[in-house]
**Q** 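Attaching a single structure in structure tokens format; questions to follow.
This chain uses plain numbering: 1 for the first residue, then up along the sequence.
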Amino acid sequence: MLPAQTRSAVEKRRAGIRMLFGHLETQPGETWQERWEASGFNEENAPAINVLARPGVGYDSSNMLSALKMAFAARIIQPSLPGFRANKFSDYPEPFRKVQRDVRLDEFFKTADAQQQLSVVHRQRAKFDIACALTTQGIALDHLTPSALLHYSLENKRLGLTHGANKDTTRFAALGAWEILHKMGHFPPGTAPTLRTYIYDGQRTVEELVDRYSITNAGVRQLLIDYLTRRKADTDYITLEGLARNLTSLFWSVIEELNPQQEDLHLSQELYDQWRAELRYWRKDGKADRTRFRKDDAAILLAVRGLYVDLHSWAIAEPERWAQWVAPCPILPRDLKGFGKRRREVNRRMADRTRVRQPLLPVLARHVEDRHEHLAGLLEAARPVPLGQPFEHQGRPYTRTDSREDRRRANILTEPSVRVIDDDTGEMINVTMAEDAAFWEWVAIEVLRHSGIRVEELVELTHLSIRQYERPSGEVIALLVVAPSKSERERVIPMSAELFHAVAQIIRRQTRNGQAVPLLSRYDGHEKNWSEPMPFLFQRQLGSARNVMAPGTVLSMLARSCEEIAEYNLDFAGTKFTPHDFRRLFATEIVNSGLPIHIGAALLGHLNLQTTQGYVAVFAEDIVQHYQEFLNHRRTLRPEHEYPEVTAQEWAEFEEHFDKRKVELGSCARPYGSPCQHEHACIRCPMLQINPKMLPRLAEIEKDLLLRRKRAEDEQWLGEVEGIDLTLTFVRTKQADAARLTRRAPVTLGIPTTRPQSD
């Protein structure tokens with residue numbers, strides 16, 4: 001029996017037992033288990049046991065829950081997972097442990113309590129997952145294998161029962177429990193340290209990539225394996241995977257479907273035409289989907305043509321291996337006619353997309369920043385408010401929630417989640433979670449739009465990515481080192497004030513309470529592998545596990561914000577931003593501002609200048625002309641293969657550029673190599689970054705402008721009034737920006753330094 005602290009608790013449990021088992025006695029079956037399964041409480045959409053409570057008698061529910069807890073823990077009844085989770089137990093793990101008297105289970109609970117990196121709630125959640133898994137599977141902890149715990153996790157995921165998922169069927173359960181069991185040495189040697197590592201497939205072999213698609217001809221199958229093995233040496237995994245799909249699923253599998261007797265690569269014109277016709281449709285599960293049309297098959301044609309051409313050239317050097325497969329390429333140059341035109345059409349669409357989104361970018365940036373500042377302020381205002389008490393924030397009334405769960409967490413946690421009710425709308429807001437989500441969306445957008453890095457490079461940023469360079473004058477320039485995601489070129493980006501501020505806020509959050517940035521492994525969805533443990537910047541604690549943010553998460557954040565803005569701004573209706581949009585906008589801004597194209601290519605990590613040119617959406621014909629003249633001039637001075645090289649004179653000019661940017665009110669942010677295009681009318685220039693110390697000087701300028709405006713009105717100088725009004729708008733905007741900077745406290749970045757060498 002479960003231990004009870006008071007006589008009253010024992011009596012309540014007895015009353016619940018009479019009601020619960022009295023109902024089960026009415027069900028068919030020889031055992032309590034059979035009757036429980038016949039009762040309907042074990043089905044996938046089972047109701048909670050409290051439906052048996054008498055109307056208006058509130059204590060019936062708690063009495064029956066207490067009885068049901070006893071029946072489960074004592075293994076009188078073995079519930080299904082949905083049957084168990086349909087009932088909300090206030091505390092199940094500890095009574096279950098006491099009843100089981102399992103030494104290994106006691107050890108698990110003790111190890112869980114020692115995990116200081118987990119909050120009390122997450123430790124309790126890990127205990128619950130183990131108790132629930134053992135109860136629903138009817139086993140002891142010694143028999144809980146990795147496969148059994150994985151089954152429990154996947155069932156929770158499928159049913160949307162993972163804690164905190166709110167019916168979301170994409171989140172895994174038992175992540176914390178898995179790691180604790182691994183630390184205990186419970187799993188066999190060689191078991192992955194985390195459940196995600198155990199689940200995610202690694203890179204497939206070439207044979208596995210080919211055999212995913214049914215190929216009957218053994219000779220062609222081996223040819224494709226040999227061909228892909230040869231190509232593997234000079235390509236990355238995601239490209240190899242796509243090539244395997246094009247050659248096996250979209251080429252040879254279709255050929256065999258059209259002509260099962262085809263034994264070599266000599267395709268008749270009729271067979272080739274039939275294959276081209278099939279390419280018009282998307283394929284699903286090996287069959288053509290006649291309702292979905294493929295817009296462009298150029299990538300498939302190029303892959304197949306590459307196979308034929310490679311076999312021709314390789315057969316010269318190794319005839320014994322490749323010559324038997326040499327055949328005329330059925331894809332003629334005329335079949336690829338229009339490829340360049342299609343490529344230009346894609347570039348045109350991308351340029352139009354960039355032009356549409358450029359004026360919307362400030363709106364999106366302001367929206368996410370204002371939302372985060374609002375939620376951060378609300379969190380700060382609500383945290384000291386006692387449970388159940390009202391308060392105001394920015395003139396809006398709120399009430400701190402005072403539920404049973406709020407009181408429980410307040411007793412066991414140092415910093416429990418803050419939840420409030422908006423008194424005007426009645427909406428309940430988990431401010432802690434909302435502020436955290438708003439923060440990561442804000443910093444992701446800030447880093448993307450001020451650096452132009454790819455989203456894969458964003459989530460791969462680590463604490464080690466932050467460097468500093470001290471100039472001979474003593475000025476320290478913050479640098480962001482970006483690990484390459486597509487090329488082999490690591491690049492260094494000088495950080496602007498906005499980019500530096502965003503990175504600093506990430507480090508502040510990751511190192512609060514004096515801790516170092518945690519070391520985590522990151523799963524690369526393209527390369528299908530796990531990284532070494534590193535101090536990734538974009539990592540979050542979600543539930544009982546801490547993980548590095550995935551690129552898809554950033555995409556979802558952007559979609560959500562665009563939908564919110566569309567509710568009050570019609571320009572966002574049907575318009576969404578992707579992470580790559582920020583890269584194109586960054587490229588457009590730096591090139592149209594006068595930055596030399598080869599420096600822009602280096603910042604973006606492009607190996608080819610034409611790639612950078614394709615990213616740029618040019619807005620004025622004179623800029624196009626200037627850009628082409630500059631590019632032609634550079635080519636006459638230096639051959640194209642020398643472009644990555646930087647001479648001593650260029651580096652000296654680069655350093656001198658930072659001195660020339662210093663002006664009275666702060667710093668000019670114009671890119672290197674670009675002259676002042678605003679005739680030094682700095683107060684109107686969007687490139688001017690105000691030093692917050694110059695706020696008094698801005699106040700003086702505003703006062704002087706107001707006096708000049710009054711004089712102009714008196715004298716009826718209407719043109720002067722219009723010009724002064726424009727300048728006043730710029731002054732007040734810069735005052736607001738500078739005032740916002742004053743609210744940003746300094747952050748210690750904790751930049752790693754080289755270790756002093758020991759004597």
Side-chain angles (χ1 to χ4, degrees), residues 345-375 434 437-455 457-458 496-499 501-502 505 549 551-595 600 603-604 612-621 623-624 669-671 677 684-689 726 729-730 732-734 736-737 740:
E345 177 62 21
V346 170
N347 289 340
R348 185 194 64 78
R349 291 202 307 268
M350 290 297 101
D352 287 343
R353 181 184 177 94
T354 302
R355 281 189 281 267
V356 168
R357 281 156 181 75
Q358 189 185 52
L360 302 181
L361 178 58
V363 180
L364 175 62
R366 173 59 62 183
H367 173 80
V368 296
E369 183 175 8
D370 289 347
R371 181 175 58 187
H372 173 247
E373 288 184 352
H374 167 70
L375 289 170
F439 170 82
W440 287 110
E441 184 171 354
W442 169 64
V443 294
I445 290 176
E446 287 296 289
V447 175
L448 285 171
R449 76 188 186 101
H450 290 301
S451 66
I453 62 178
R454 303 176 180 93
V455 66
E457 295 167 341
L458 173 81
S496 64
E498 292 85 355
L499 177 57
H501 172 66
Q505 293 305 311
M549 191 181 297
T553 302
V554 181
L555 187 64
S556 299
M557 288 177 171
L558 292 172
R560 182 174 62 245
S561 284
C562 290
E563 290 174 0
E564 292 175 0
I565 300 174
E567 294 177 1
Y568 63 85
N569 188 329
L570 295 180
D571 291 337
F572 273 81
T575 301
K576 292 184 178 180
F577 277 76
T578 67
H580 216 71
D581 286 328
F582 297 106
R583 184 167 170 81
R584 293 183 177 275
L585 287 165
F586 178 81
T588 298
E589 181 180 357
I590 61 175
V591 172
N592 286 348
S593 298
L595 187 72
L603 290 176
L604 292 167
T612 307
Q613 185 175 1
Y615 270 53
V616 176
V618 182
F619 289 81
E621 188 62 34
I623 295 179
V624 176
R670 69 177 184 271
Q677 299 183 3
R684 290 188 179 186
C685 179
M687 295 294 178
L688 175 64
Q689 294 179 341
L726 181 61
T729 301
F730 280 103
R732 287 162 180 165
T733 300
K734 294 186 186 305
D737 291 340
R740 191 169 68 253

**Q** Before giving the answer on side-chain contact (heavy atoms from CB on, under 4.5 Å), spell out for Glu564 and Arg371 the whole-Å C-alpha distance, their side-chain angles and the decisive distance to 0.1 Å.
**A** CA-CA 11 Å; Glu564 292 175 0; Arg371 181 175 58 187; 2.5 Å; yes

**Q** About how many Å separate CG of Leu448 and NE2 of His580, when rounded to the nearest 0.5 Å?
**A** 11.0 Å

**Q** Looking at every heavy atom in both Lys576 and Arg353, which two are closest together, and how far apart are they?
**A** O-NH2, 3.3 Å

**Q** Is there a side-chain contact (heavy atoms from CB on, under 4.5 Å) between Thr553 and Met557? Walk through the geometry before answering.
**A** CA-CA 6 Å; Thr553 302; Met557 288 177 171; 4.0 Å; yes

**Q** If you measure from CG on Leu360 to CG on Leu585, what distance do you get to the nearest 0.5 Å?
**A** 9.5 Å

**Q** For Ala502 and Val443, which heavy atoms make the closest approach, and how far apart are they?
**A** O-CG1, 4.0 Å

**Q** Roughly how far, to the nearest 0.5 Å, is the CD1 atom of Ile565 from the NE2 atom of His367?
**A** 4.5 Å

**Q** Can you list everything that forms a ring pair (Phe, Tyr, Trp, His ring centres under 6.0 Å) with His372? Sequence neighbours excluded, please.
**A** Phe439, Trp442

**Q** Kindly give the heavy-atom pair with the smallest separation between Leu558 and Thr578, and that separation in Å.
**A** CD1-C, 3.7 Å

**Q** Can you give me the closest heavy-atom contact between Phe577 and Cys562, atom names plus distance?
**A** N-SG, 3.6 Å

**Q** Could you go through Arg349 and Asp352, starting from their C-alpha distance and side-chain angles, then the distance that decides it, and tell me whether this counts as salt bridge (Lys or Arg N to Asp or Glu O under 4.0 Å)?
**A** CA-CA 5 Å; Arg349 291 202 307 268; Asp352 287 343; over 6 Å; no

**Q** Using the test ring pair (Phe, Tyr, Trp, His ring centres under 6.0 Å), find all partners of Phe572 that sit at least two apart in sequence or belong to another chain.
**A** none

**Q** To the nearest 0.5 Å, what is the distance between CD (Glu498) and CD (Glu446)?
**A** 7.5 Å

**Q** Please report the closest heavy-atom contact between Ala434 and Leu375, naming both atoms and the distance.
**A** O-CD1, 3.5 Å

**Q** Can you name the closest pair of heavy atoms from His450 and Leu499 and give their distance?
**A** CB-CB, 3.8 Å

**Q** Going through the checks in order, is the side-chain contact (heavy atoms from CB on, under 4.5 Å) test met by Met549 and Val554?
**A** CA-CA 8 Å; Met549 191 181 297; Val554 181; 3.8 Å; yes

**Q** Between atom CZ of Arg366 and atom CD of Glu373, what is the distance when rounded to the nearest 0.5 Å?
**A** 7.0 Å

**Q** Checking side-chain contact (heavy atoms from CB on, under 4.5 Å) for the pair Phe582/Leu458: CA distance, chi angles, key distance, verdict?
**A** CA-CA 12 Å; Phe582 297 106; Leu458 173 81; over 6 Å; no

